[in-house]
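Here's the structure, in structure tokens; my notes come after.
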Amino acid sequence: MTLPEQIKTLLETLSFPVSYDQKGQSIKDANGLFVCDVRGWGKIQFMDKAQERHDAIGFVIADLLNSLQGTK
């Protein structure tokens, strides 16, 4: 499947906007349905400000998914 086909499939699958749930460490769609887990503790657990780093990853992924909303 090509990238444009993958984006089309993604857009047909998700209800926008998606958001990062800090407590559940997951991304959910506009209906509150689970999209994916945000996992990264193996790399960042011993770094300074690990929780802030983890949350930053989740928020950025959600923003990137939302930025695809207007594409075809």
Using the rule that two of Ile, Leu, Val, Met, Phe, Trp, Tyr join whenever any of their side-chain heavy atoms come within less than 4.5 Å, decide whether [X] and [Y] are in one cluster.
| X | Y | value |
| --- | --- | --- |
| Phe16 | Phe59 | yes |
| Leu65 | Val60 | no |
| Met1 | Leu14 | no |
| Ile61 | Ile44 | no |
| Phe34 | Leu10 | no |

Looking only at atom types and distance, does a side-chain atom of [X] sit under 3.5 Å from a main-chain N or O of [Y], one as donor and one as acceptor?
| X | Y | result |
| --- | --- | --- |
| Asp21 | Lys23 | yes |
| Glu12 | Thr9 | no |
| Asp29 | Leu33 | yes |

Using 30° and 60° as the class limits, which term best fits the ring planes of Tyr20 and His54: parallel, tilted or perpendicular? tilted
Euclidean distance, Leu3 CG relative to Lys8 NZ, rounded to 0.5 Å: 14.0 Å
In this structure, CZ of Arg39 is separated from CD1 of Ile57 (nearest 0.5 Å) by 12.5 Å
Nearest heavy-atom pair of [X] and [Y]: which atoms, and what distance?
| X | Y | result |
| --- | --- | --- |
| Lys28 | Ser26 | CE-OG, 3.7 Å |
| Leu68 | Leu11 | O-CD2, 3.4 Å |
| Gly58 | Ile27 | O-CD1, 4.0 Å |

Within the supplied structure, the quantity of interest is the number of heavy atoms (other residues, nucleotides, ligands) at a distance under 6.0 Å from Asp48 CG; does it exceed 12? no
Please report the C-alpha distance between Gln51 and Trp41 in whole Å, then the side-chain angles of each, then the deciding distance to 0.1 Å, and finally whether the side chain to side chain contact (heavy atoms under 4.5 Å, CB included) criterion is met. CA-CA 9 Å; Gln51 184 64 49; Trp41 286 111; 3.5 Å; yes
Applying side chain to side chain contact (heavy atoms under 4.5 Å, CB included), run through Asp55 and Glu52 and close with a yes or a no. CA-CA 5 Å; Asp55 287 342; Glu52 290 88 348; 5.8 Å; no
